[in-house]
Amino acid sequence: MISVFFLIIYMGSFMLMLLVLSIQVKCFHEIITIGYRVYRSYDLPWFRTLSWYFLLCVNYFFYGETVADYFATFVQRREQLQFLIRYHRFISFALYLAGFCLFVLSLVKRHYRLQFYMFAWTHVTLLITVTQSHLVIQNLFEGMIWFLVPISSVICNDIAAYIFGFFFGRTPLIKLSPKKTWEGFIGGFFTTVVFGFIVAYLLAQYQYFVCPVEYNSETNRFVTECEPSELFQLQKYSIPSLLQLVLGRETVNMYPFQMHSIALSTFASLIGPFGGFFASGFKRAFKIKDFADTIPGHGGIMDRFDCQYLMATFVHVYITSFIRGPNPSKLLKQLLVLQPEQQLNVYKTLKSHLIEKGILQPSLRG
């Protein structure tokens, strides 16, 4: 599995996106199947069909938004796509309404409560799988490093916590997972922070991992070429006086992203495991050992990615809160899609603003 994952990384961002989409569909299938075991005890129509229909609707909405956002220039060249993008949200809502009406028509007397229970089951499953997998892809567009460091941190924490718990575990951590111990939890935390710091240093050296993923409409390919931002350029930092005595030096060179990797690793090791605890509670509620038997010895795909979805949401929130600023190239793509008179209005407004700021000389007016 590790070899296949490295191969997919080598094949590029598009293959990683397909991998995320495949995992999303399989996780959805595993959770819906658990509900179906309860549901099929009754002679009720359309649950599984409607569940998959809603999955298609939600994916159509989210990935249509992504296409409109990142591939605007490509869409502008395809007349058959312009209608779909222009009315994308209306079409998405109409598709959802069709599923909603079908659900209402499928209601059967004496089983209303169960049917609404399964309707809610489907929507919560969509929230867990589709929306968060979409955030994974959004993170990937910011640069592959925002995808790899969080994922590898969660994996490292899982392994380290198991090792420390196996050799040193004495104190139970939580009743939902009796085998989890405080020793494993703490050992996993320190190991994960060190691991994330080192991996961040290694990946930050390569454009392939740090450059935002962009679509080149001329070559019809995803490209990862750029001048790395300050996050991925070596900076000199002063070492605290206490550590200077230990390390024997006053300064150290490292990438600013390594400081952010500490925040990501800390979340992966302190909060990330609660995604696993949540999944454990879910399985206990339905008296099942694993979500499925897709991976021999590991259970289902959802058993392996219960912490990853929570991690993906945090990374997205972290990027939007502390990292991402205005993206000139993305804004330019959106401007190029506008009608000529709209572009001219933007030009005049921008020129007036620059003149007021003193950046352009008034003599350039007109």
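In what follows, every heavy atom counts, from backbone to side chain, and hydrogens, waters and symmetry copies are set aside. No experiment lies behind these values; they were computed from the predicted model shown.
Considering only heavy atoms from C-beta on, Y208 stays 4.5 Å or farther from I145 through its side chain. Taking 4.5 Å as the limit, some side-chain heavy atom of L114 sits within range of a side-chain heavy atom of Y117. Proximity of E142 to P212: side-chain heavy atoms (C-beta onward) are nowhere separated by under 4.5 Å. Within the 4.5 Å cutoff, side-chain heavy atoms of F189 are placed close to those of T266. Contact of the Y309 side chain with the C27 side chain is registered, since non-hydrogen atoms from C-beta on lie closer than 4.5 Å. With contacts defined as side-chain heavy-atom distances shorter than 4.5 Å, the pair F209/V149 does not qualify. With contacts defined as side-chain heavy-atom distances shorter than 4.5 Å, the pair P228/Q207 qualifies. Taking the side chain as every heavy atom from C-beta outward, L135 and T131 never approach each other to under 4.5 Å.
With rounding to the nearest 0.5 angstrom, the NE2 atom of H353 is 6.5 Å from the CD1 atom of I359. Taking OG1 from T66 and CZ from F141, the interatomic distance works out to 6.5 Å, rounded to the nearest 0.5 Å. A distance of 5.0 Å separates CD1 of I31 from OG1 of T125, quoted to the nearest 0.5 Å. Put simply, CD1 on I137 and CD on Q24 are 8.0 Å apart, with the number rounded to the nearest 0.5 Å. Taking OG of S238 as the reference point, atom CG of L243 lies at 12.0 Å (rounded to 0.5 Å). Of the inter-residue distances, the one linking Q258 atom CD with L264 atom CG reads 12.5 Å to the nearest 0.5 angstrom.
Applying the ring pair (Phe, Tyr, Trp, His ring centres under 6.0 Å) criterion to F291, with sequence neighbours excluded, gives F282. Take K26 and apply the salt bridge (Lys or Arg N to Asp or Glu O under 4.0 Å) test, not counting sequence neighbours, and it matches no residue. For F93, the ring pair (Phe, Tyr, Trp, His ring centres under 6.0 Å) test picks out no residue, with sequence neighbours left out. Contacts of C156 classified as disulfide bond (SG atoms under 2.5 Å apart), with partners at least two apart in sequence or in another chain: none. Residues meeting the ring pair (Phe, Tyr, Trp, His ring centres under 6.0 Å) test with F195, sequence neighbours left out: none. Not counting sequence neighbours, Y347 has no partner by the ring pair (Phe, Tyr, Trp, His ring centres under 6.0 Å) test.
Tracing side-chain contacts under 4.5 Å through hydrophobic residues (I, L, V, M, F, W, Y), one never reaches V124 starting from L56; they form parts of separate clusters. Using a 4.5 Å cut-off between side-chain heavy atoms of Ile, Leu, Val, Met, Phe, Trp and Tyr, with links allowed through other members, F167 and I159 fall into the same hydrophobic cluster. A continuous path of Ile, Leu, Val, Met, Phe, Trp and Tyr side chains, each step under 4.5 Å between heavy atoms, connects I34 with F116, placing both in one hydrophobic cluster. Under the 4.5 Å side-chain heavy-atom criterion for grouping Ile, Leu, Val, Met, Phe, Trp and Tyr, F168 is connected to F166 within one hydrophobic cluster. In terms of hydrophobic clustering, with Ile, Leu, Val, Met, Phe, Trp and Tyr side chains grouped at heavy-atom distances under 4.5 Å, Y63 and I23 are assigned to a common cluster.
Not less than 6.0 angstrom separates the ring centroid of W46 from the ring centroid of Y53. Taking the centre of each ring, F232 and Y206 stay at or above the 6.0 Å mark. Centroid-to-centroid, the aromatic rings of F257 and W146 come within less than 6.0 Å.
Using modelled atom types, one side-chain atom of E30 and one backbone atom of M302 make a donor-acceptor pair closer than 3.5 Å. In this structure, D306 contributes its side chain and F278 its backbone to no donor-acceptor pair below 3.5 Å.
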* Mind running side-chain hydrogen bond (donor to acceptor under 3.5 Å, both in side chains) on S51 and T122 for me, showing each step along the way? => CA-CA 6 Å; S51 296; T122 298; 3.0 Å; yes

* To do: Test side chain to side chain contact (heavy atoms under 4.5 Å, CB included) on S321 and V317 and set out the steps.
  => CA-CA 6 Å; S321 300; V317 171; 3.9 Å; yes

* Show your working on side chain to side chain contact (heavy atoms under 4.5 Å, CB included) between I239 and T251 and close with a plain yes or no. => CA-CA 5 Å; I239 300 176; T251 60; 5.6 Å; no

* To do: Just do the ring pair (Phe, Tyr, Trp, His ring centres under 6.0 Å) check on F274 and F277 with the steps written out, would you?
  => CA-CA 5 Å; F274 281 84; F277 301 153; 5.2 Å; yes

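Of all non-hydrogen atoms in A312 and N139, the two that sit nearest each other are O-ND2, 3.2 Å. Taking both residues in full, the closest heavy atoms of S153 and A268 are given as CB-CB, 3.9 Å, listed atom of the first, atom of the second, then distance. Considering every non-hydrogen atom in both Q308 and I151, the closest pair reads NE2-O, 3.3 Å. Counting all heavy atoms, side chain and backbone alike, D290 lies closest to G300 at CB-N, 4.4 Å. What you find for V210 and A204 is that their closest heavy atoms are CG1-CA, 3.6 Å. Here the closest non-hydrogen pair linking P150 and V315 is CG-CG2, 3.5 Å.
With side-chain heavy atoms closer than 4.5 Å counting as contact, directly or through intermediates, the hydrophobic cluster containing L234 also holds V194, I198, Y201, L202, Y255.
Among pairs with a residue in residues 310-319, those fulfilling side chain to side chain donor-acceptor pair (under 3.5 Å) read Q132-T313, H260-Y318, at least two apart in sequence or across chains. Within the structure, every pair that satisfies the side chain to side chain donor-acceptor pair (under 3.5 Å) test and touches residues 87-101, not counting sequence neighbours, is listed here: E65-R89, Y96-H123. Listed by first and then second residue, the salt bridge (Lys or Arg N to Asp or Glu O under 4.0 Å) pairs involving residues 228-248 amount to none (not counting sequence neighbours). Residue pairs that meet the side chain to side chain donor-acceptor pair (under 3.5 Å) test with at least one member in residues 173-184, sequence neighbours left out, are T171-E183, S177-S280.
Classification of D303 and K289 as a salt-bridged pair fails, no side-chain N sitting under 4.0 Å from a carboxylate O.
Within a 6.0 Å sphere centred on CG of D293, heavy atoms belonging to other residues, nucleotides or ligands number 12 at most. Environment of CZ in F314: crowded, with over 12 heavy atoms of neighbouring residues, nucleotides or ligands closer than 6.0 Å.
In the model, S265 has no side-chain atom that pairs as donor or acceptor with a side-chain atom of T192 under 3.5 Å.
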Identify all side-chain donor-acceptor contacts of residues 3-21 below 3.5 Å with residues at least two apart in sequence or on another chain.
none

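Test F286, F28, F54 against W121 for ring pair (Phe, Tyr, Trp, His ring centres under 6.0 Å) and you get one pass: F286.
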